[in-house]
Each structure stands twice: as C-alpha cells, then as structure tokens.
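Contents: one structure, followed by commentary.
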Number of protein chains: 2
Amino acid sequence: MTSRQFNSLILDKFLPYRLSIVNNKISEVLSVTYAKQFDLTPMEWRVLAVLGQNESISADEICRFTEIDKVAVSRAVTKLVRKKIISRKRSTYDRRRSILRLTKGGVSIYKSIVPLVLEIEENLVDGLSVYERKQFRDLLAKIEYRVDSLRMLYKF
Amino acid sequence: MTSRQFNSLILDKFLPYRLSIVNNKISEVLSVTYAKQFDLTPMEWRVLAVLGQNESISADEICRFTEIDKVAVSRAVTKLVRKKIISRKRSTYDRRRSILRLTKGGVSIYKSIVPLVLEIEENLVDGLSVYERKQFRDLLAKIEYRVDSLRMLYKF
DNA sequence: TGCAATTAGTTTCATATGAAACTAATATAT
DNA sequence: ATATATTAGTTTCATATGAAACTAATTGCA
C-alpha cells in the first residue's frame, strides 16, 4: 500500500513532472548567466562545455556525449565557428569527420563561464550535506539507468 | 577539500547537466507514450494533466501551475478545444478569464493516459527503496527551493 | 574489384517557440 | 466619475527546432 491513491495522478508528486519543473528553473538561471553575458544559446554553451573538457573531438562525438541531435549540433558548431569560439578542420584519416577545437578566444570565454556555473551549482546544493549530495547523484544515476532500459525497449 | 578539481567543470558530475540529460530521456519516453498513441504534444499533455486534477480553472492558473508561459498555454488550449478534449467558456465574474474543463472525451483520454504514465514512473523508481524514493523527492525539493531563491535574485 | 550499406555532416521544409505588441476587461487611484 | 495601471488572453513576427532528404566519404561483403 502506497500513500498515493490507486490510479490517480497528482502532478506535484509525479517524478517526471517535478524533475522537469526543477530542470527548467535551473536551465533558466544558467542561461541568464551565459546567454546574456556571452551571447550563447543553450546549445552553443553545451557544445562549448564539451569541447572545454575534450581537446579535439568530432561533431558526432558531441552528439553522443550530449544527447543533442546532429542537426542541432551542426548548427551550434557553425555558429560557434562563425563567432571564432571554435575551429573546425577535416580529419585526414576520415574526411567526413570534422575536428573541433576551442580557439584562444573560446578557451578564454570557457574559462570565464566555468566559475560562474560552478558557483550556481554550489548555490543549488548549498543546503545539502556532503552525504546528501552523493545520495542525490547516486539516485539520479539509478533513475537514469532505468530510463535507459525503458528507451531500449521502445527501440526494438 | 572536495573530489572535484578546483575551478574545473566535469560535465558528468555537473548537477544541472545530469538533471537535464535525465529529464530529456524521461520526457522522450513519456512522449512516446502519449504523443504517438493520443497525438498530443508535450504542452497539450501538460495542460490536460493539470485539468485532470482541477475541475475547472483558467488559462492563467495553468500558467502558474505548470510554469509554462501564457503564449504556449494559449496555443495548447486552442488546439485541445479544437480536438474537443477540453471546453472553454468565459467567466461571468471576470469576462477576461476563460473557464476550462475536460470534455467527456477529454476525461476518457486522460483516464487512458494516467495508468500508462504512472507505470512509467513506477518503472523509473523500481530499483529504489521507499526510503530512497522519499529521499530523492526531498532533495529535489530542497534544490528547487534554492533555485527559486536564485531566480528571485535575478528579478530584482 | 566494385556495388550496396553505413556513417558524418548539411540543407530543406514544415512546425514550434518566445518576446513584444496588441485587445479587451477589470482594478486602482485621484 | 474618470483616467491610469494591471490583468487575461491572443496575434504577430522573427527565430529555433526536428524529421527527412540530401551529399560525400567510408566500410563491408560478394
């Protein structure tokens, strides 16, 4: 017997709904930081963030890391190249692949944003003990593992 | 001393990033359920879900409950009315307000979807103990409280 | 070898989205 | 009472998005 009424959906207690609300609020706060100050869209920031921790990777690898679809990545990459935040050249081993890197300017923007977003994260978990933070991360990982299984089902 | 390197951003351990990834995966699984089977957009489903637990409310109240902006709500409502899933009339007390309700057909669709999404939620937390589920909800609520404070700051 | 299948990435097109301006109704202040 | 501000909801417009079709390169296999 659970505390939830059989067959009834209370949004405020519905995990996907709560997660989505909190996620949207956090995204909003983050984007105020990097969008307004550095004129980056969320997509552009995500690509930038991945390149910040991976010296040189292809657009395709960015897709796999971020779960953003390839059209969106392609567009974000084009814009970042235009803004001279990243550079793109063709791989000599596989001439379909592009090799992406942060430019000097890109590194500099990246280094400006990182402390800002880390500070926001710190603010978010400020009231949680070290144990609670770990607990939250672990539970979220468990849930992610479960949703991955569900997604597998749909694909076959 | 934390395990994270000073000033370095590791996306896989960055809370907003993890939350966003998991949220996207869950949204995808849910939308496969209600979008493909009942031809509803995520916005439409959210409006439907709110009306499922609130007999009759206005578009504005839906905005406040769901944190969806009023333009999106207006459009979702228009579509749902067209599909005869909800009905709309003007309030006699305040003729700007609309009074929204599920139609019979809407109630029926709602009742079909609810068990499906509850089953998905159950699958998501399947591996968690009752204590862990509560723990997760509580920690998420704490984080939401913190992000609300941050949002307040930006507004002044 | 050479031809089909796959992969990386881009373009196209139709739809979704959000900000700002708008309309209509109500509340507030003088 | 009347002008002003606020609120509910819609429309407009410019941009973002994702699916599908496309190009070009590579791989697999008969």
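Here the structure is a predicted model, which is why all the values come from computation and not from measurement. Letters A, B, ... are given to chains in the order of the sequence lines, protein chains preceding strands, and every chain is numbered from 1.
- Within residues 47-63 of chain A, the residues approached by DNA chain C to less than 4.0 Å at the level of any non-hydrogen atom are A:S58, A:A59, A:D60, in residue-number order.
- B:R90 comes within 4.0 angstrom of no nucleic acid atom, judged by non-hydrogen atoms across all strands.
- In this structure, the CG atom of B:D39 is 10 Å from the P atom of C:dA16, given to the nearest Å.
- When atom types are taken as modelled, the side chain of B:R101 and the backbone of B:S56 share no donor-acceptor pair closer than 3.5 angstrom.
- The distance from atom CZ of B:R64 to atom C1' of D:dG9 is 13 Å, rounded to the nearest whole Å.
- The two atoms that bring A:A76 and A:V47 nearest to each other are CB-CG2, 3.9 Å, heavy atoms only.
- Taking atom NZ on A:K70 and atom C1' on C:dT10, their separation rounds to 9 Å, with Å as the unit.
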Could you go over nucleotides 2-5 of chain C and give all protein N or O partners under 3.5 Å, atom names and distances?
none

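- Not one N or O on the side chain of A:D39 forms a donor-acceptor pair closer than 3.5 Å with the backbone of A:A35.
- Rounded to whole angstrom, the span from the CZ atom of B:F65 across to the P atom of D:dA8 amounts to 13 Å.
- With rounding to whole Å, B:D94 atom CG is found 17 Å from D:dT6 atom P.
- A salt bridge links A:E122 to A:R133: at least one charged side-chain nitrogen sits closer than 4.0 Å to a carboxylate oxygen.
- Dashed line: the shortest gap from a side-chain N or O of B:R95 to OP1 or OP2 of D:dT7 is not under 4.0 Å.
- Looking only at distances, no side-chain donor or acceptor of A:R18 sits under 3.5 Å from a matching main-chain atom of B:L140.
- Here the straight-line distance linking atom CE of A:M43 with atom CG of A:D69 works out to 7.0 Å at 0.5 Å rounding.
- Distances shorter than 4.0 Å separate none of the side-chain N or O atoms of B:R96 from OP1 or OP2 on D:dG9.
- Between the side chain of A:Q53 and the backbone N or O of B:L11 there is at least one donor-acceptor pair closer than 3.5 Å.
- Taking the side-chain contact (heavy atoms from CB on, under 4.5 Å) definition, one finds that A:R88 meets it with A:V77, A:T78, A:V81, A:S98, A:L100, sequence neighbours left out.
- Listed by first and then second residue, the salt bridge (Lys or Arg N to Asp or Glu O under 4.0 Å) pairs that reach into residues 123-132 of chain A are A:D126-B:R146, A:E132-B:K142, sequence neighbours excluded.
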Between protein and nucleic acid, restricted to nucleotides 17-19 of chain D and to nitrogen or oxygen atoms under 3.5 Å apart, what atom pairs and distances do you find?
| residue | atom | partner | partner atom | Å |
| --- | --- | --- | --- | --- |
| D:dG18 | OP2 | A:D69 | OD1 | 3.1 |
| D:dG18 | N7 | A:R75 | NH2 | 2.5 |
| D:dG18 | O6 | A:R75 | NH1 | 3.1 |
| D:dG18 | O6 | A:R75 | NH2 | 3.3 |

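- Remark: B:F38 engages no residue in a ring pair (Phe, Tyr, Trp, His ring centres under 6.0 Å) (not counting sequence neighbours).
- At distances below 3.5 Å, at least one donor-acceptor pair connects side-chain atoms of B:T103 with backbone N or O atoms of B:I85.
- A:L100 places its CG atom 7 Å from the P atom of C:dG9, with the value rounded to the nearest Å.
- Under 4.0 angstrom from either OP1 or OP2 of C:dG9 there lies at least one side-chain N or O belonging to A:S98.
- A distance of 11.5 Å separates CG in B:N23 from CD in A:E144, rounded to the nearest 0.5 Å.
- Between the C1' atom of D:dT15 and the CD atom of A:E44 lies a distance of 13 Å, rounded to the nearest Å.
- Taking only side-chain nitrogens and oxygens, B:S74 never comes nearer than 4.0 Å to OP1 or OP2 of D:dG9.
- Between the P atom of C:dG9 and the CZ atom of A:R97 lies a distance of 6 Å, rounded to the nearest Å.
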